[in-house]
Structure formats: C-alpha cells, structure tokens
Number of protein chains: 2
Amino acid sequence: MHASKKAIPPSVVKRLPKYLAYVQALCLEKVEWVSSNELAEQLGLTSSTVRQDFSYFDFSGISKRGYETIGLQNMLINILGVDTAWQVVVVGAGNLGRALALHEEFPRRGFNIVGIFDKDPTKLGMKVGALDVKPMRELPTVIGRHKVNMGIVAVPAVAAQSVADLLIVAGVKGLLNMALTHIVAPDTVSVIDSRIVASLLELSHSVSFSR
Amino acid sequence: MHASKKAIPPSVVKRLPKYLAYVQALCLEKVEWVSSNELAEQLGLTSSTVRQDFSYFDFSGISKRGYETIGLQNMLINILGVDTAWQVVVVGAGNLGRALALHEEFPRRGFNIVGIFDKDPTKLGMKVGALDVKPMRELPTVIGRHKVNMGIVAVPAVAAQSVADLLIVAGVKGLLNMALTHIVAPDTVSVIDSRIVASLLELSHSVSFSR
DNA sequence: CTCTATCTGTCAAACTTTTGACGAAAGGGA
DNA sequence: TCCCTTTCGTCAAAAGTTTGACAGATAGAG
C-alpha cells in the first residue's frame, strides 16, 4: 500500500512537511522541476541532505533537471499519509482550542475537525464555527461515529494526561499535545508535542546566548 | 552572567522546557528532591540521558537523594533565559494570532505580549484582550518603544518571509514561526519553528505506519 | 557529434546524540 | 560500626545524522 524501501528515519520525517509545503507552492506556480540545490537553499539545508532524504523513497530525479515537482508532491503526500482524510477532535475550548478548531489550514490539508469538547459547563453549546462545544461525556460517541483517529489536546498542563487517557480509551491513534507536560501513551498510539511555550523557551535560550 | 561550563548542545536545550515544567510542578507540591530515574520515567527518557544532560550545567545532585528541586528549577530558569522578562509582538490577527496574544501561559512564563499587528485594514482597532490591532507601519515604533526582542509570525505562508524581514529590520532578535514556510534570517537572529500543521503531518505519518 | 557544465545517487568520513556500565558517595538498618 | 542499596557522575561504545567527495548521467551549445 505505502511504497517505500524501508522505514524512514525520524530526522527525515521531520523534514518532509517542509518539502511538501515548498513543492506544493511550486506546483501551484506551474514549475515543473526542482533541484536538490534549490530545495536546500530555500529550506536551510544542504543539497546532500536533500538527496540523501529522497533516497529513502521510490522516486528518482534526473541529472541536469532535478526532481519532477508533481511526482515529488504525490510521493510526499503518500508517505506523510495525507492521501487519506483524517478525522480530528479538539479537546479544550479555551482560546487556543477554539483557534485550532477554526484554523483554515487544517481542512485544507485533509484534517477535518469534527468536534470540540470542554469540561467547563459555561462553555458548553458555545459556537465555534460550524461546531458547538460538547461536554466530555460525549467524546466516545463522537469518536466512534466519525471514526476519529486523532485528537488535539489543548487543555492546561494538569489536565493533559487525563484527557489523553480518555482519547486513547476511545480509540484515537494519534495525539497532538499542546500542553507543556509530557503525555504517557502505549506505543500503539503516537504522540507529537507541539508546545508553543516550549518553543518560546528554547528561543529565549538561543537569544540569550547568541553572540 | 550566565553560569555554564560550555555551550549546551541543541538536543539538550530541546529537553530543558520539559524538565522545567515537571520540576515547577514538583516545587508547587513542595516536593524537595527528584531523581534522574523519576524524571526519566515521567518524561519518557532514560536516566542516563537525564544525568548526562544535567552534567552540562553547574549543578550537582546527591547520591541516594537525587536533585534538589528548587535549585534545579532556578538553574533551568537561568539557562533558558527566563529570568529576564521578554517583550513580544504578534504579527497576524487571524484566529491563531489572536489566540496566541491571549494565551495566559505566555505572561505566566515571562513573555509579555505588547502588541498585535495586521495588514488587513478591516481588522485594525479590533480589541484583543487589552490590546488593539495596529497597522504594520506602527511596528517599528512599538518595537523601539517597548524594547521588543521577540516576534511571533502568525500570518499565512506567503507573507511569512516579508513579515520576518520587517521584524528583523526593526531589531527583533528571535522569531517564532507558526507558518509552514521556512524563514531565512541572518545568524544574529534565532528562528524557531512551531508549525502545528507540520506536527500534524508528522503525526499522520506515524499513525499510518504504526503496526 | 562531442564537449562542457550541471545535477543525481551513493558511499564513507565526521559529527552528534543516546545508551550502558561501573566506581564512588551517601543514607539507613542491623 | 559495617554493610547494603540507591543514586550520582563519568566514560566509552553504539546508534543515528549530516556532510563532503566523486562517478556517472544528461541537456544543450558549438
């Protein structure tokens, strides 16, 4: 089903979304070819890294031309698993949760937000785009009915683990953690941290110590 | 000023916010000691990694007890540069930009949002918490007046680079990029990507390929 | 048709990060 | 007091990642 020589190393997977974003832009501009050199320059990498990365998948470039943009795009879409539509729920209807539920970029990339939940009774029924905020007890039903496979955890740190547990029990296979805490999950469930505050702290360090 | 034996490797810096979050929680619960083993288990690491990481800073544990939580917390705060208050502006007053400007976690961690900007005239003057949305031309003034050192780029991909350039010219030293594009910056300016969509794509890959 | 410049694919070397092993310090019970 | 267990700090081996170098392919100019 998914064609690739062997498992792709994590370091490479992290760069794939970058490649995809750039190649999609090129496709829209009707550019047909792109070289490892151009990709490297635009994405802050070396051309060697780019070629090495692409060597993990069944896709070849042509000397003197580079890589065919549409083919590359399809390859990346396939490898990233974006060729299937994902059903996603958001837990936490605070500022961040609501913003994510409304983020236009998600549906555009194949991630459909099918529900938003909060335990705070004062938030229930609140309209967030086409959705309204539902109580936590409806989580399993919605996840079952829409065959939801991913959950976005956008609650305060203290609640993150228990929300994650609820999502996992309900059958979700991937979690995007926006809280600063670490989430423990069985290894049948993937967890990726996108902790904005952690990034700012990291930034704070590099700004403090840059010459 | 900042006490540390030598430059801390990037891999270690990435983990520091995790340690800090956990240790701060312990401090609140009045726990006085924590072992490398407990940290490892709670944060999904090995105890060896934890001890190796801490060996980069001037801070020692005690055999049979572990690390003193308050001292560790202070050390991490110092190294992450969170002992100084940071002044931050947000560019882009879409859903995401507004949510970030309102995010309670930022001021709590020492990041003060002092302005939010957008080029769309229909958004100007809109209230976002205590701030109102200002036009791009006021960016340099606000940055100068408040001694702003960081900018959060929360605009669509096509505009990200030009917004970054404006922030850099105005003197900002760190950028948090929420767009899916790569941002090019001189090496006196640090850029960290916190691209939520990229994380979801990564997640999509690991869910697709998990056994 | 040949030559040249460009660009890929691959390999091995250099570098970085993680892990496992072990000696030494410290606390607590016999 | 002495031993036993826990836990640290350090080191070196193992694993993972990035880079540089170069052979071979190909397009286009002359």
Side-chain angles (χ1 to χ4, degrees), chain A residues 3-19 22-23 26 31-72 75-76 182 187 193 202 205-206, chain B residues 3-19 22-23 26 31-69 71-72 75-76 182 187 193 202 205-206 209:
Chain A
S4 71
K5 289 171 195 170
K6 40 162 69 182
I8 298 176
S11 53
V12 177
V13 173
K14 284 229 190 65
R15 281 187 291 266
L16 299 185
K18 272 193 162 183
Y19 293 132
Y22 189 74
V23 172
L26 291 179
V31 176
E32 285 187 52
W33 298 92
V34 63
S35 68
S36 58
N37 235 290
E38 179 183 348
L39 282 164
E41 237 162 70
Q42 295 299 317
L43 304 180
L45 307 167
T46 67
S47 65
S48 196
T49 300
V50 174
R51 292 199 300 279
Q52 181 80 277
D53 285 356
F54 291 3
S55 77
Y56 286 100
F57 28 99
D58 279 347
F59 179 78
S60 292
I62 294 180
S63 292
K64 195 76 207 227
R65 287 210 191 169
Y67 302 89
E68 204 262 309
T69 51
I70 296 182
L72 180 55
M75 196 64 186
L76 290 166
H182 175 79
D187 58 358
D193 294 323
E202 219 182 308
H205 171 84
S206 45
Chain B
S4 72
K5 289 169 195 169
K6 40 161 67 179
I8 299 176
S11 53
V12 177
V13 173
K14 283 226 191 66
R15 282 187 290 268
L16 300 184
K18 273 193 161 184
Y19 293 130
Y22 190 74
V23 171
L26 291 179
V31 176
E32 286 187 52
W33 299 91
V34 63
S35 67
S36 58
N37 236 291
E38 178 183 348
L39 282 165
E41 237 161 70
Q42 295 299 317
L43 305 180
L45 307 167
T46 67
S47 65
S48 195
T49 301
V50 174
R51 292 200 300 280
Q52 181 80 276
D53 285 356
F54 291 3
S55 77
Y56 287 100
F57 31 97
D58 280 346
F59 179 77
S60 293
I62 295 180
S63 292
K64 196 76 209 238
R65 287 209 192 168
Y67 303 90
E68 203 262 307
T69 51
L72 180 54
M75 197 65 193
L76 290 166
H182 175 78
D187 59 357
D193 293 323
E202 219 181 307
H205 171 84
S206 46
F209 288 86

**Item:** Any Ser47(A) side-chain heavy atom under 4.5 Å of Arg51(A) side chain
**Value:** yes

Gap between atoms [atom1] and [atom2], on [X] and [N] respectively (whole Å):
X	N	atom1	atom2	answer
Glu68(B)	dA26(C)	CD	P	16 Å
Lys14(A)	dT17(C)	NZ	P	12 Å
Ile8(B)	dT18(C)	CD1	P	14 Å
Asn37(B)	dT19(C)	CG	C1'	14 Å
Trp33(A)	dT6(C)	CH2	P	18 Å
Leu16(B)	dT17(C)	CG	P	13 Å
Lys64(A)	dT26(D)	NZ	P	13 Å
Phe57(B)	dT10(D)	CZ	P	13 Å

Phosphate OP1/OP2 of [N] contacted by [X] side-chain N/O (<4.0 Å):
X	N	value
Arg51(A)	dG20(D)	no
Arg65(B)	dG27(C)	yes
Tyr56(A)	dT10(C)	no
Thr49(A)	dT18(D)	no
Thr46(A)	dT19(D)	yes

**Message:** Determine whether Tyr22(A) and Tyr19(A) satisfy the following criterion, ring pair (Phe, Tyr, Trp, His ring centres under 6.0 Å), listing intermediate values before the conclusion.
**Reply:** CA-CA 5 Å; Tyr22(A) 189 74; Tyr19(A) 293 132; 9.4 Å; no

At 4.0 Å (heavy atoms only), tell me whether [X] reaches a base, stays on the sugar-phosphate, or touches nothing.
X	value
Ser48(B)	base
Leu45(B)	nothing
Ser36(B)	sugar-phosphate

**Request:** Look at the side chain of Thr69(A) and the backbone N and O of Glu32(A), then say whether any donor-acceptor pair between them is shorter than 3.5 Å.
**Result:** yes

**Asked** Has the side chain of Ser36(A) got a donor or acceptor atom that lies under 3.5 Å from a matching backbone atom of Val50(A)?
**Response**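 Not confirmed, Ser36(A) side chain does not pair with Val50(A) backbone.
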
**Prompt:** Ignoring hydrogens and angles, does a donor from either the side chain of Ser63(B) or the base of dG27(C) sit under 3.5 Å from an acceptor on the other?
**Reply:**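 No.
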
**Message:** If we check side chain to side chain contact (heavy atoms under 4.5 Å, CB included) with Trp33(A), which of these qualifies: Glu38(A), Lys64(A), Glu68(A)?
**Reply:**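 When side chain to side chain contact (heavy atoms under 4.5 Å, CB included) is applied between Trp33(A) and each of Glu38(A), Lys64(A), Glu68(A), only Glu68(A) qualifies.
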
**Message:** On DNA chain D, compare the nucleotides closest to Ser35(B) and Gln52(B); which residue's is nearer the 5' end?
**Reply:**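 The residue closer to the strand's 5' end, by nearest nucleotide, is Ser35(B).
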
